[in-house]
Amino acid sequence: MSKSKGVANYEDLTSEYNALNFIITSIIKSTVNTCYAVTVTKVDADNQKVTVKPLIVQIDADNNKIELSEIFEIPYFRYSAGRTAVKLDPVAGDIGVLIIFKSDSNNIKTGDNSQILPNTFLNYPLYSGIYIGGMLNNDPENYIEIKDDSITINANKKIVINCQTAEINADSEVNINSSKINLGENASLALINEKITDALNQHTHNYINTAGTLAPTTPPLVPFNTAQYSNPNIKEIV
């Protein structure tokens, strides 16, 4: 059956049921928004919101393209729990999904988990939803790759770790491959102190043993043995 000039087919008008079905379907299509494939055009990282533009356009009865306008101030998803989060802000050009809420969600505020009244009585308003990114984008240069047998962190420039205490536990070995290793002032001082302590703990003096030959004294960390000294007055100092 060829399509008529309008949005309805000929068969839509052949019976009362078909006509009613066409009317109801048209209302649902024009009022219920579910989700859209979108691209990010602007990012407001301070308020965690983006401006997006639908990727799939609409068409009229003559198959002419009807471009959809941008949708503004859409909150974007951030993987978080409590005070912990993965901060991965979208950038312009990203492709993702805009999921539409049933009720107007403009009254939802950051950090407020109390129930609120909708700002309007609209259902499925196009401006009320959340952006979830990471769909059909280019291969990343910076990434965390998690597999069954390995976890890889790759950065094309720099990795910064800020914490109070750092701990690495490895059952077999720890490998560090770098052309240059820089230590901060405190770390360098701690390393120097450790080296000085190691040197003092291994420090010895020469003396004449019971055989009349020159020999080194026992290092401080080695148990003291008076039998090795020719002078019976030599004792361990506690």
Side-chain angles (χ1 to χ4, degrees), residues 1-80 85-144:
M1 183 73 65
S2 61
K3 189 171 184 179
S4 62
K5 185 70 174 178
V7 293
N9 293 324
Y10 173 76
E11 62 183 15
D12 293 326
L13 306 176
T14 57
S15 69
E16 182 179 351
Y17 172 83
N18 287 351
L20 184 60
N21 180 73
F22 168 74
I23 294 173
I24 294 175
T25 302
S26 299
I27 293 174
I28 293 175
K29 287 181 179 180
S30 62
T31 58
V32 177
N33 296 299
T34 54
C35 63
Y36 288 81
V38 296
T39 183
V40 176
T41 59
K42 185 179 179 181
V43 179
D44 181 2
D46 293 335
N47 296 305
Q48 296 183 37
K49 293 184 177 182
V50 292
T51 298
V52 298
K53 190 172 184 179
L55 285 176
I56 303 174
V57 300
Q58 294 180 344
I59 57 175
D60 62 15
D62 294 322
N63 290 326
N64 296 315
K65 182 171 67 173
I66 303 174
E67 291 192 9
L68 299 177
S69 61
E70 291 180 315
I71 307 170
F72 304 95
E73 295 188 349
I74 299 296
Y76 58 81
F77 172 80
R78 174 179 285 174
Y79 195 84
S80 63
V86 177
K87 296 184 66 174
L88 187 61
D89 297 322
V91 298
D94 282 354
I95 299 174
V97 177
L98 171 61
I99 300 176
I100 306 301
F101 297 146
K102 180 181 182 297
S103 301
D104 191 327
S105 63
N106 276 358
N107 284 343
I108 297 178
K109 305 300 180 183
T110 301
D112 185 1
N113 58 8
S114 60
Q115 289 188 331
I116 60 171
L117 295 174
N119 194 42
T120 66
F121 291 105
L122 294 174
N123 289 327
Y124 306 102
L126 193 58
Y127 59 82
S128 181
I130 186 170
Y131 168 78
I132 300 178
M135 181 183 76
L136 300 176
N137 291 312
N138 295 324
D139 289 336
E141 296 180 0
N142 303 289
Y143 58 84
I144 299 176

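Here the structure is a predicted model, which is why all the values come from computation and not from measurement.
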* To do: Any chance you could measure K102, atom NZ, to Y124, atom OH, to the nearest 0.5 Å?
  => 5.5 Å
* Structure fact -> CD1 of I108 to CG of N106, rounded to nearest 0.5 Å, is 9.0 Å
* Should P90 and Y131 count as side-chain neighbours, where that means a heavy-atom distance under 4.5 Å? -> yes
* How long is the span from the CD1 atom in I95 to the CE atom in M135, to the nearest 0.5 Å? -> 6.5 Å
* Asked: When you measure from the side chain of N137 to the backbone N and O of D94, does any donor-acceptor pair fall under 3.5 Å?
  -> no
* Considering only heavy atoms from C-beta outward, does the side chain of T31 approach that of N123 to under 4.5 Å? -> no
* To do: To the nearest 0.5 angstrom, please state how far the CG atom of D44 sits from the CD1 atom of I74.
  => 12.5 Å
* Donor-acceptor pair, T41 side chain versus T51 backbone, under 3.5 Å? -> yes
* Crowding at CD, E70 (>12 non-hydrogen neighbours, <6.0 Å) -> yes
* Asked: Does D62 use its side chain to pair, donor to acceptor, with the backbone of N64 at less than 3.5 Å?
  -> no
* Asked: Of the non-hydrogen atoms in S105 and F101, which two are nearest, and what is the gap between them?
  -> OG-CD1, 3.2 Å
* Drop me the distance from L98's CG to Y36's OH, to the nearest 0.5 angstrom. => 8.5 Å
* To do: Indicate the atoms forming the closest heavy-atom contact of A45 with D89, along with that distance.
  => CB-OD2, 3.8 Å
* To do: Determine the minimum heavy-atom distance between K53 and E67, stating which atoms define it.
  => NZ-OE1, 3.9 Å
* Might you work through the side-chain contact (heavy atoms from CB on, under 4.5 Å) test for I132 and I99, ending with a clear yes or no? => CA-CA 8 Å; I132 300 178; I99 300 176; 3.6 Å; yes
* To do: Write down the atom of P54, the atom of I71, and the distance for their closest heavy-atom approach.
  => CG-CD1, 4.3 Å
* **More than 12 heavy atoms from other groups under 6.0 Å of CG on D112** => yes
* Structure fact -> For Y143 and P140, the nearest pair of non-hydrogen atoms, with its separation, is CD2-O, 3.8 Å
* To do: Heavy atoms only: give me the nearest D104-T120 pair and the separation to one decimal.
  => OD2-OG1, 2.9 Å
* Asked: Within a reach of under 6.0 Å around CG of L55, are more than 12 heavy atoms found that belong to other residues, nucleotides or ligands?
  -> yes
* Evaluate the criterion side-chain contact (heavy atoms from CB on, under 4.5 Å) for residue pair N119 and N107; output intermediate values, then yes/no. => CA-CA 6 Å; N119 194 42; N107 284 343; 3.7 Å; yes
* To do: To the nearest 0.5 angstrom, please state how far the NZ atom of K87 sits from the CD atom of Q48.
  => 8.0 Å
* **Derivation of the side-chain contact (heavy atoms from CB on, under 4.5 Å) call for L88 and Y76** => CA-CA 10 Å; L88 187 61; Y76 58 81; over 6 Å; no
